Amino acid sequence: MARLPRPPRTIAVIASIVVCSTAAGSARTSGTSKQQAPRYRYIFDSGSAASAAASAGWNLIDVDSKTEADRLPSGTRALVWVGDYDNSACAWELSETALRAKLASMVGDPKVAGYFFSDEPDPNACPAAPAQHRSRSELIHQLNRGKFTVMVADSNSGKASLDQIPTWRGAADYVGLNPYPCYRGKPCDYAWIRQIISAANRAGLHYWGVVQAFADSEWRWPTPSEETRMLSLWKTSRQSGYMTFAWSWAGHSLRGRPGLLDVLRRFNRPTAKRRLQATTVDEVHYTFTGPTSVAFDWRGTAQTIRYGRTSSYGRTRRARAVRPAPFSSRGPFWEVRLGGLAAGTTYHYSIGGRRDRTFATAPTGSYRFDVEADVGDSASWRQVASTQAQIAADKPAFVIVAGDLSYGDDDGQPAVDRHFNDVMAWSQKAAYMPAWGNHEWDAPDDLRNYKGRFLIPHGQASPAAPSKGCCGEDWGWFDAGPVRFISYPEPYTDSTWSGWAAKADRLFAAAQASPRIHFIVTFGHRPAFSTGYHAGESALAAVLNRFGDRYSKYVLNLNGHSHNYERFVPIHRVVHITAAGGGSELEAPWRTKDSRTAYRAMHLEHVRVDVTSGRLSIEAVCGPASEEDEMTCRAGTVIDSYTITAPAS
């Protein structure tokens, strides 16, 4: 390209453009139609590599002239650069006369799709810029009818970027928005992309998303999973196209990032989705609902489960359609409660005539349970499958998943279904005991996808829970052997946790008075204490501290949210552990220090706990490596351990 390099901020604007149809954003694994690729897929700065870019699925190529446009590979067209807007002079770099001359040769050229005419103009420095852009866009339309116009608005300057978005409405056919979330030394800030999208939606802007695929002195290369997450955010927006920045930049090329290139290639050329077959039974998991009952949930057309003490079964129950109904796919989704079972006993079962498996009611003696949080799905995060395999190898009686189960809000609805298939590595034999996290109720996902898939034991409602998925099953409790487990809800309002404390107090008191219960354990998504990316919640800490002071059996709290592992010394007698290593990305670096931190690790992990009547033996297990690691360990080894002994009665 003959074009001179622009500052990194400007670069962001030019990234690749893809027009995404509603059908592409809403494809479901249960459909038969092929997931549609975006109509326009624009790659910036491919230069002499146009053929390679075309083979990877981009069909809109960055050029400077008619000659370059006419030489493009079959199946691609040109977005022609026609000079920039000068923020110092508040004028066009290419005069109107020169613009007319350049476009005259391209009238009727089928290889020209449109014109890229401005990269990050500054309406604060040049108040007339929006009006000037509308005039130039209209002039281009007059000079070459049927071709579209594209500009890029700065989306990396905080409030200034949000404030200027409405001013660009109508300034071009499509306005590229380039929030680059992955800075050097920091986790990717996906929330900023969501803020830009929300501002554009409010403004009624016709926009294209720009995804980051470059590195320089300020920004870093995204990982493949980070790129997948960015693409998912844009795909579920109202964008009418997307851009990729860049094939080549700052001496680097996508050729040298095969994992990243593969993610973009698959987005550009999506594959057909299989229909959920009539005989399919998947997303199978069960929960404890009491000492002698469990609830099974699954997806498919099978409506019956056979079960019994042996593989001869002897008992059959018909499932019911769930309410609220999940919407991640067409399902259908089913749930059945099996009661009248023996406590602490293993049973055989078969769903829809499928292979024989076993489940067990809540344990009554010694056992093991595992903990993970902030999980995701294996298509978006390659480490998810490895972590679920590690948990399965532990052979736990149950697994506590402390929130942010699937990231369906960020990674799209197919991620929800994929998550529940990923965890079948253990969820067909070990009970799945969840707590909700913020990503379960962040739009465009909502709690129907989760409350519709579980029967929470002793489910309780929290005031002001989101209307979608309301009401009930915001938290619950269950007993397993010598331990009472009590979950806590998401803070829907400032009074959620105080309201929970008032209700939960009687559960603490009853457990404290019971000779059968030796330990009380709480679990939820948010941390009361944390030195990681997400700080501890002071309101939650105050509530849990009071319970620790009041009830000696309360000894352990388990949470996620801040993507790291951290264990604190007992605070008000309670050990707090963040176990957010289920497979999604880490959130490096550490933000603060706390003298009460006993051990912390920026590495994926899960926690396993061996329970006896006299002790809780806790081990943090090294998970798969990732690019954000700040330590090294061999997968499967114990990186931290701690033992809690039963308090004196």
Side-chain angles (χ1 to χ4, degrees), residues 223-225 283-287 357-360 363 366-407 415 418-435 437 480 523 525 556 558-567 577-587 599-611 616-642:
T223 66
S225 59
E283 301 189 28
V284 178
H285 54 278
Y286 74 97
T287 57
R357 297 188 181 277
T358 60
F359 74 90
S366 300
Y367 60 90
R368 169 178 288 176
F369 73 92
D370 280 13
V371 186
E372 64 173 338
D374 303 88
V375 183
D377 75 289
S378 59
S380 303
W381 315 95
R382 61 182 177 82
Q383 294 89 348
V384 168
S386 298
T387 302
Q388 307 321 303
Q390 286 184 319
I391 290 173
D394 284 347
K395 298 181 179 180
F398 59 92
V399 180
I400 288 175
V401 186
D404 286 3
L405 279 53
S406 73
Y407 293 96
R418 177 64 73 93
H419 166 84
F420 285 99
N421 280 323
D422 290 335
V423 298
M424 281 206 298
W426 51 262
S427 69
Q428 298 178 90
K429 191 172 183 178
Y432 188 145
M433 309 304 294
F523 66 99
H525 186 57
L556 178 62
L558 302 162
N559 63 265
H561 196 43
S562 194
H563 294 201
N564 51 258
Y565 172 79
E566 186 168 22
R567 174 175 61 85
I577 295 179
T578 296
S584 62
E585 66 179 349
L586 297 167
E587 293 177 326
Y599 183 86
R600 65 182 189 178
M602 192 62 70
H603 198 287
L604 295 176
E605 44 61 47
H606 73 277
V607 168
R608 64 185 176 215
V609 183
D610 290 313
V611 178
L616 304 178
S617 300
I618 303 166
E619 294 180 329
V621 181
C622 178
S626 70
E627 295 186 15
E628 298 84 14
D629 292 346
E630 292 186 356
M631 62 166 291
T632 59
C633 55
R634 183 165 53 86
T637 58
V638 175
I639 58 175
D640 181 44
S641 61
Y642 186 75

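What you see below is based on every heavy atom in this structure, not just the backbone, and it leaves out hydrogens, waters and symmetry mates. This one's a predicted model, so the numbers in the text were calculated from it and none came from an experiment.
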Got a sec, which residues hit side chain to side chain donor-acceptor pair (under 3.5 Å) with His525, two or more places apart in sequence or on another chain?
-> Asp404, Asn438, His561
Side chain to side chain donor-acceptor pair (under 3.5 Å) partners of Tyr565, counting only residues at least two apart = Asp640
For the residue pair Leu405 and Val375, what are the closest heavy atoms and their distance?
-> O-CB, 3.4 Å
Where at least one partner belongs to residues 616-632, residue pairs that pass salt bridge (Lys or Arg N to Asp or Glu O under 4.0 Å), sequence neighbours excluded = Arg608-Glu619
Is the backbone N or O of Gly376 less than 3.5 Å from a side-chain atom of His419, with the two atoms forming a donor-acceptor pair by type?
-> yes
Could you check if a side-chain atom of Leu558 sits within less than 4.5 angstrom of a side-chain atom of Phe369, using non-hydrogen atoms only?
-> yes
Given the rule in the side-chain contact (heavy atoms from CB on, under 4.5 Å) test, do Arg634 and Cys622 qualify, once you have shown the distances and angles that lead to the verdict?
-> CA-CA 6 Å; Arg634 183 165 53 86; Cys622 178; 5.8 Å; no
Is it true that a side-chain atom of Asp394 and a backbone atom of Pro396 form a donor plus acceptor pair closer than 3.5 Å?
-> no
Nearest-0.5 Å distance, NE2 of residue His603 to CE of residue Met631 | 6.0 Å
Return the set of residues passing side chain to side chain contact (heavy atoms under 4.5 Å, CB included) with Asp610 (not counting sequence neighbours), or none when no residue passes.
-> Arg368, Ser617
Side chain to side chain donor-acceptor pair (under 3.5 Å) against Ser562, all qualifying residues, sequence neighbours excluded | Asn564
Please identify each residue that fulfils side chain to side chain donor-acceptor pair (under 3.5 Å) with Ser386, with sequence neighbours left out.
-> none
What pairs with Glu283 under salt bridge (charged side-chain N to carboxylate O under 4.0 Å, His left out), at least two apart in sequence or on another chain?
-> Arg299, Arg453
Donor-acceptor under 3.5 Å (Ser427 side chain, Val284 main chain) | yes
Partner set under side chain to side chain contact (heavy atoms under 4.5 Å, CB included) for Ala435, not counting sequence neighbours | Phe523
For the residue pair Ile618 and Leu556, establish whether any side-chain heavy-atom pair is separated by less than 4.5 Å.
-> yes
On a heavy-atom basis, the closest approach of Thr578 and Gly560 is CG2-O, 3.9 Å
Please round to the nearest 0.5 Å and tell me the distance separating atom CG of Asp377 and atom CZ of Phe420.
-> 11.5 Å
Does the side chain of Ser378 come under 3.5 Å of the side chain of Asp422 through a donor N or O and an acceptor N or O?
-> yes
Would a distance-only check, ignoring hydrogens and angles, find a side-chain to backbone donor-acceptor pair under 3.5 Å from Tyr432 to Ile400?
-> no
Please name all residues satisfying ring-ring contact (aromatic ring centres under 6.0 Å, His included) with Tyr367, sequence neighbours left out, ordered by chain then number.
-> Phe398
How long is the span from the NE2 atom in His285 to the CH2 atom in Trp426, to the nearest 0.5 Å?
-> 9.0 Å
What is the distance from atom CD of Glu566 to atom CZ of Arg600, rounded to the nearest 0.5 Å?
-> 6.5 Å
Name all residues meeting the side chain to side chain contact (heavy atoms under 4.5 Å, CB included) criterion together with Ala635; count only those two or more places apart in sequence or in a different chain, and write none if there are none.
-> Gln390
Under the side chain to side chain contact (heavy atoms under 4.5 Å, CB included) test, residues paired with Ala360 that sit two or more places apart | Thr346
